[in-house]
Student: 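First, the structure itself, so that you have it in front of you.
Everything numeric here is computed off the predicted structure, so don't read it as measured data. For reference, positions follow the sequence shown, starting with 1.
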Amino acid sequence: MHLRVVSATLVLPLQAKRYGKNVGISAVQEAQASIAHYGASEAWVVTNSHFTDAAIALAKSTVTLINRNQ
């Protein structure tokens with residue numbers, strides 16, 4: 001699922017992933033692409049699971065990752 005939160009001062013692309021396994025880099029890549037597409041400064045990926053180490057490494061600069069423990 002892809003959402004976009006918009007207010008007068010904020011555009012926040014949001015990927016929501018309901019996975020039984022860890023979320024990988026493809027979700028982070030989609031979130032990074034949405035930053036450019038929507039002119040946002042950051043994006044979020046939210047999941048009911050956890051993230052792979054590769055996804056965490058890729059997300060460090062512009063994508064906020066929120067897992068089921070947060």
Side-chain angles (χ1 to χ4, degrees):
M1 174 184 286
H2 184 93
L3 304 171
R4 185 172 50 129
V5 178
V6 179
S7 74
T9 59
L10 173 73
V11 175
L12 179 64
L14 174 75
Q15 290 279 338
K17 301 293 185 182
R18 184 173 183 249
Y19 282 11
K21 57 183 179 177
N22 291 345
V23 177
I25 63 170
S26 63
V28 176
Q29 290 169 332
E30 291 172 9
Q32 288 177 326
S34 69
I35 291 171
H37 181 74
Y38 294 117
S41 59
E42 67 173 315
W44 290 10
V45 180
V46 181
T47 185
N48 65 317
S49 187
H50 295 282
F51 296 94
T52 63
D53 291 340
I56 293 167
L58 183 60
K60 287 195 187 251
S61 60
T62 57
V63 178
T64 298
L65 302 179
I66 300 174
N67 67 28
R68 68 182 184 193
N69 295 331
Q70 297 171 314

Student: For the residue pair Ala43 and Ala31, what are the closest heavy atoms and their distance?
Tutor: CB-O, 3.6 Å

Student: For the atom pair CD1 (Ile66) and NZ (Lys17), what is the distance rounded to the nearest 0.5 Å?
Tutor: 15.0 Å

Student: Closest approach of Pro13 and Ala40, non-hydrogen atoms and distance?
Tutor: CD-CB, 3.5 Å

Student: I want to check something: taking the side chain as every heavy atom from C-beta on, are Leu12 and Glu42 in contact at a cut-off of under 4.5 Å?
Tutor: yes

Student: Check His50 against Asn69 and note the closest heavy-atom contact, atom names and distance.
Tutor: CE1-ND2, 3.0 Å

Student: Say you draw a straight line from CG of Leu58 to NZ of Lys60; how long is it, rounded to the nearest 0.5 Å?
Tutor: 11.0 Å

Student: Residues in side-chain hydrogen bond (donor to acceptor under 3.5 Å, both in side chains) with Gln29, at least two apart?
Tutor: none

Student: Side-chain heavy atoms nearer than 4.5 Å, only ILVMFWY residues, links allowed to pass through others: does that put Ile56 and Val45 together?
Tutor: yes

Student: How about Gln15 and Val23: do any of their side-chain heavy atoms sit closer than 4.5 Å?
Tutor: no

Student: What heavy-atom pair brings Leu65 and Gln70 nearest, and what distance separates the two atoms?
Tutor: O-OE1, 3.2 Å

Student: Does one hydrophobic cluster hold both Val63 and Ile25, with members joined at side-chain heavy-atom distances below 4.5 Å?
Tutor: yes

Student: Report the distance from atom NZ of Lys21 to atom OG1 of Thr52, rounding to the nearest 0.5 Å.
Tutor: 10.5 Å

Student: Within the side chain of Asn67, is there an N or O that forms a donor-acceptor pair under 3.5 Å with the backbone of Asn48?
Tutor: no

